[in-house]
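Okay, so here's the structure we're looking at.
Each chain gets a letter, A, B and so on, in the order the sequences are listed, and its residues count up from 1.
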There are 2 protein chains.
Amino acid sequence: MSSAAETIIHGECIEALRAMPDKSVDLVFADPPYNLQLGGDLLRPDNSKVDAVDDHWDQFESFAAYDKFSREWLSECQRVLKDDGALWVIGSYHNIFRVGTILQDLGFWILNDVVWRKANPMPNFKGTRFTNAHETLIWASKGRGARRYTFNYDAMKMANDEVQMRSDWTLPLCTGEERIKNGSGDKAHPTQKPEALLHRVILSSTRPGDVILDPFFGVGTTGAAAKRLGRRFIGIEREAEYVELARQRIAKVIPVPLADLDVMGSKRSEPRVPFGQIVEAGLLTPGDMLYDPKGQRAAKVRADGSLVVGDLTGSIHKIGAMVQSQPACNGWTYWHFKTDKGLAPIDVLRAKVRAEMAA
Amino acid sequence: MSSAAETIIHGECIEALRAMPDKSVDLVFADPPYNLQLGGDLLRPDNSKVDAVDDHWDQFESFAAYDKFSREWLSECQRVLKDDGALWVIGSYHNIFRVGTILQDLGFWILNDVVWRKANPMPNFKGTRFTNAHETLIWASKGRGARRYTFNYDAMKMANDEVQMRSDWTLPLCTGEERIKNGSGDKAHPTQKPEALLHRVILSSTRPGDVILDPFFGVGTTGAAAKRLGRRFIGIEREAEYVELARQRIAKVIPVPLADLDVMGSKRSEPRVPFGQIVEAGLLTPGDMLYDPKGQRAAKVRADGSLVVGDLTGSIHKIGAMVQSQPACNGWTYWHFKTDKGLAPIDVLRAKVRAEMAA
DNA sequence: TCGACACATGAATCATAGT
DNA sequence: CACTATGATTCATGTGTCG
């Protein structure tokens with residue numbers, strides 16, 4: 001194995017892995033095909049077409065074929081990992097359960113599953129399901145009895161305003177300038193991951209100088225983040241176009257002085273509490289009445305957090321606006337509930353939920 | 001199968017499931033055992049003593065036993081589900097990957113994986129991993145080609161301040177008053193789920209009166225939430241102590257009055273009104289003109305509810321699509337008629353007809 | 001230079017009743 | 001089962017255009 005800082009192998013994943021020596025890498029980060037099973041075209045409400053991931057490399061004949069492929073590349077990764085090494089895989093509900101099962105069957109020891117909460121996911125255009133707003137990463141050591149893996153607890157805590165980093169990470173998608181374009185100015189790769197995600201993975205579980213292997217290198221996000229953070233990397237990629245774009249991209253990356261790493265934290269914001277959650281929490285019950293500040297107008301609460309006044313139904317804000325014949329209304333301060341001391345705005349219930357969430 | 005509103009079966013999960021008739025429940029919510037080490041007698045029903053095997057082999061044996069158990073209860077659940085039914089399972093990284101894989105292998109069709117972000121998780125005291133701050137739920141329909149599952153999209157959207165409900169839900173743990181205590185004043189059940197979580201599950205994917213099955217009933221959170229929301233339930237629980245605590249708990253639950261169970265309904269379920277009926281009702285007259293939203297393009301209404309633009313004739317939808325050169329068009333919102341206050345979409349005429357039909 | 005507004009787009013298993 | 005007709009449906013963010 002090369003001790004070069006940067007290695008990109010243009011070749012098929014499993015074959016290239018087989019050519020690598022045992023126990024030679026410190027970390028694997030893998031973003032394998034998800035095996036999406038899409039129907040026909042999906043149109044947005046404005047009739048534009050969603051640019052789907054229909055690439056040939058994401059197509060598998062069956063779950064069995066996908067499992068076989070997964071078992072092969074994962075067991076090669078296990079072989080090339082050092083005994084104190086670890087592996088990250090990212091996936092969605094289409095494939096991550098199969099990957100997780102195979103990991104366990106191969107003897108990997110799962111340390112965490114981590115949820116990437118997308119700050120700006122694509123909506124569900126047809127209103128058929130919950131907005132698919134996250135992906136799952138699995139972090140695993142080589143085995144239950146393996147030598148101690150690397151976890152930079154304090155760096156993570158520092159990056160998270162001095163409280164422990166949780167297993168859910170809120171990060172935006174990779175868009176705009178960061179998104180690598182091809183010659184035509186279109187996105188070069190359908191599933192490019194944000195570098196911030198890789199930044200956190202690498203910072204959490206490697207040390208400067210470590211060798212990071214990415215068997216599905218794509219346009220080289222892992223390589224870019226590794227170089228920036230002073231780690232070495234080996235990338236394997238089958239498509240010549242991606243290899244070339246990755247090279248160009250990584251050549252431009254300027255490594256960050258290690259002393260500057262601790263300033264690259266993320267901020268947390270006040271959690272949003274929808275009114276429906278007040279009902280879920282049992283602070284109001286379906287059928288309860290809410291009142292305007294003077295106690296003259298009344299509205300009934302329903303189980304989904306909608307209000308009813310006569311024939312009107314809608315959110316606390318919408319109904320508040322309608323009964324006042326005004327364009328807008330802050331329902332949290334307008335609507336009140338009865339207490340033994342008189343009327344109180346429902347905003348105090350929101351405060352209660354927030355307090356509980358912070359506790 | 002009983003048509004009773006409340007049924008608690010004291011018995012072993014798979015055995016009790018086998019006694020239930022086909023296609024008799026609308027929803028399954030399951031919180032199966034997570035940890036392979038706990039409840040070994042359950043997870044290794046037919047295991048002969050395994051001596052002197054290394055960790056790897058032992059692990060595989062455990063997983064195999066857990067898989068067997070999971071396959072059995074899940075396939076029974078699939079059998080007792082109605083064709084338009086659905087199933088929820090909750091788990092952590094210890095078991096959820098195996099459960100998800102088995103679901104897929106049995107032919108369940110995954111609709112979402114949902115992350116319960118714990119607002120107040122237990123910290124990782126040793127600082128060796130990320131704070132395990134979430135659990136994963138899988139929502140699946142009976143199969144890819146199954147009849148349409150229930151999803152109260154508009155109720156969920158309403159409960160989330162009028163934006164689509166996402167696949168990550170932030171909810172506090174079950175603590176304080178809500179936590180069921182045993183005779184000694186200690187928590188009675190190690191993994192009691194918050195009722196708010198069940199509230200959201202039930203509200204999203206069932207209708208009032210539906211039958212909800214929970215094969216691992218525990219202290220009856222599913223039953224409590226179901227009763228509160230006017231749903232029927234069947235709970236299966238092996239431990240006599242839990243059964244008794246669940247009974248006492250559920251007896252105290254006061255159901256939401258039937259009249260307050262309404263939530264925001266979907267437009268898809270409203271009665272269909274053909275455009276021709278607008279003309280029949282005299283709200284438009286043959287020969288009247290309709291216009292696009294900007295008032296630039298015009299179409300003539302005919303007696304049968306077809307439109308004419310130049311040489312083109314067809315439905316409001318077809319003509320709307322053709323004049324815009326788009327694959328599809330909702331004619332109800334595209335076409336407008338003249339009023340003294342300007343243009344108004346013909347959808348308001350449909351609303352008028354619907355109101356008359358309801359009266 | 002700046003604000004207002006329009007437009008584009010992201011790993012998506014994305015409709016349903018009737019004939 | 002296949003096919004057709006109806007008609008329901010989007011959030012956050014970045015970029016570009018226009019005045």
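If you check every strand for non-hydrogen atoms under 4.0 Å, R129(A) touches a base. Using a 4.0 Å heavy-atom cutoff across all strands shown, V163(B) reaches sugar-phosphate atoms only and no base atom. Heavy atoms of P194(A) sit nowhere under 4.0 angstrom from any nucleic acid atom. Within 4.0 Å of I110(B), counting heavy atoms only, lies at least one base atom of the nucleic acid. Across all strands shown, D186(A) has no heavy atoms under 4.0 Å from either base or sugar-phosphate atoms. The residue A328(B) sits close to a base: some heavy atom pair falls under 4.0 Å. If you check every strand for non-hydrogen atoms under 4.0 Å, C329(B) touches a base. Nucleic acid contact class of P121(A) (heavy atoms, under 4.0 Å, all strands): base. Residue T191(A) is in base contact, counting any heavy-atom pair closer than 4.0 Å across all strands shown. Among the heavy atoms of the strands, none lies under 4.0 Å from G145(B).
Among the nucleotides dA11(C), dC14(C), dG7(D), the one closest to the side chain of W332(B) is dG7(D). When distances are taken from the side chain of Q164(B) to each of dA15(C), dT10(D), dG10(C), the shortest belongs to dT10(D). Among dA15(C), dT10(D), dA11(C), the nucleotide with an atom closest to any side-chain atom of K126(A) is dA15(C). Each of dT13(C), dC11(D), dA11(C) was ranked by its minimum atom distance to the side chain of E135(A); first place goes to dA11(C). For Y93(A), the side-chain atoms get nearest to dT13(C) when compared with the rest of dA12(C), dT13(C), dA8(D). Side-chain proximity of L38(A) to the nucleotides dA12(C), dG10(C), dA11(C) is greatest for dA12(C).
Taking atom CG of residue D161(B) and atom C1' of nucleotide dT10(D), one finds them 17 Å apart after rounding to whole Å. In this structure, K193(A) atom NZ and dA11(C) atom C1' are separated by 6 Å, rounded to whole Å. For D154(B) and dC14(C), the CG to P distance is 19 Å, given to the nearest whole Å. Look at CZ on F97(A): it is 15 Å from C1' on dA11(C), rounded to the nearest Å. Rounded to an integer number of Å, the gap from K118(A) NZ to dA12(D) C1' is 13 Å. Here the P atom of nucleotide dT10(D) and the CG atom of N160(B) are 13 Å apart, to the nearest Å. Spacing between atom CG of D46(A) and atom C1' of dA6(C) amounts to 12 Å, rounded to whole angstrom units. Between the CG atom of L197(A) and the P atom of dA11(C) there is a distance of 12 Å, rounded to whole Å.
Judged by distance alone, the side chains of T131(A) and Q164(B) do bring a donor and an acceptor atom under 3.5 Å apart. Checking R302(B) against S306(B) by side-chain atom types alone, a donor-acceptor pair falls below 3.5 Å. Judged purely by distance below 3.5 Å, without hydrogens or angles, the side chains of H134(B) and D113(A) pair a donor atom with an acceptor atom. S204(B) and R200(B) share no donor-acceptor pair across their side chains, judged by distance under 3.5 Å alone. No side-chain donor from either of T136(A) and W116(A) sits under 3.5 Å from a side-chain acceptor of the other. Between the side chains of H317(B) and S315(B), no donor-acceptor pair of N or O atoms lies under 3.5 Å. Of the N and O atoms on the side chains of E135(A) and Y34(A), at least one donor lies less than 3.5 Å from an acceptor on the other residue.
Both P123(A) and R179(A) lie close to DNA chain C; mapped to their nearest nucleotides by heavy-atom distance, the more 5′-ward contact belongs to R179(A). Of the two residues near DNA chain C, Q37(A) and N120(A), the one whose nearest nucleotide lies more 5' is N120(A).
Taking atom P on both dC14(C) and dA5(D), the two are 23 Å apart, rounded to the nearest angstrom. Taking atom C1' on both nucleotides, dG16(D) is separated from dT1(C) by 16 Å, rounded to a whole Å. dT13(C) and dT4(D): their P atoms are spaced 27 Å apart (whole Å). A gap of 14 Å separates the C1' atoms of dC7(C) and dT10(D), to the nearest Å.
Between Y153(B) and the phosphate of dT10(D), there is a side-chain N or O to OP1/OP2 separation shorter than 4.0 Å. Regarding contacts with the backbone of dG10(C), a side-chain N or O of K187(A) is found under 4.0 angstrom from either OP1 or OP2. Dashed line: the shortest gap from a side-chain N or O of K157(B) to OP1 or OP2 of dT10(D) is under 4.0 Å. Between dA8(D) and N330(B), a contact under 4.0 Å exists linking OP1 or OP2 to a side-chain N or O. Residue S315(B) places at least one side-chain N or O under 4.0 Å from the OP1 or OP2 atom of dT6(D). Residue N132(A) places at least one side-chain N or O under 4.0 Å from the OP1 or OP2 atom of dT13(C). Between H317(B) and dG7(D), a side-chain N or O to OP1/OP2 separation shorter than 4.0 Å is present.
Relative to the ring axis of F63(A), R98(A) places its NZ or CZ within 45° and under 6.0 Å from the centre. For the pair R117(B) and W169(B), the cation-pi test (distance below 6.0 Å, angle within 45°) is failed.
A stacking contact between F125(A) and dC14(C) is absent: the pair does not combine a ring-centre distance of less than 5.5 Å to the base's six-membered ring with planes differing by less than 30°.
Remark: nothing in residues 272-280 of chain B comes within less than 4.0 Å of DNA chain C through any heavy atom.
Between D168(A) and R166(A) there is a salt bridge, since at least one side-chain N of the basic residue sits less than 4.0 Å from a carboxylate O of the acidic one.
The aromatic rings of F60(A) and F69(A) lie tilted to each other, with the angle between the two planes from 30° to 60°.
Annotated as anti: dT16(C), whose O4'-C1'-N torsion sits more than 90° from 0.
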Self-check item: Stepwise side chain to side chain donor-acceptor pair (under 3.5 Å) check, N182(A) with H189(A)
Solution: CA-CA 8 Å; N182(A) 62 19; H189(A) 193 284; over 6 Å; no

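When each of K23(B), R148(B), R147(B) is tested with D83(B) by the rule salt bridge (charged side-chain N to carboxylate O under 4.0 Å, His left out), just one qualifies, namely K23(B).
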Exercise. Could you summarise the pairing of DNA chain C as dot-bracket text, marking Watson-Crick and G-U pairs under 3.5 Å with ( ) or [ ] inside the strand and | across strands?
Key: .|||||||||....|||||

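One cannot find a donor-acceptor pair under 3.5 Å joining the base of dT16(C) and the side-chain atoms of R147(B).
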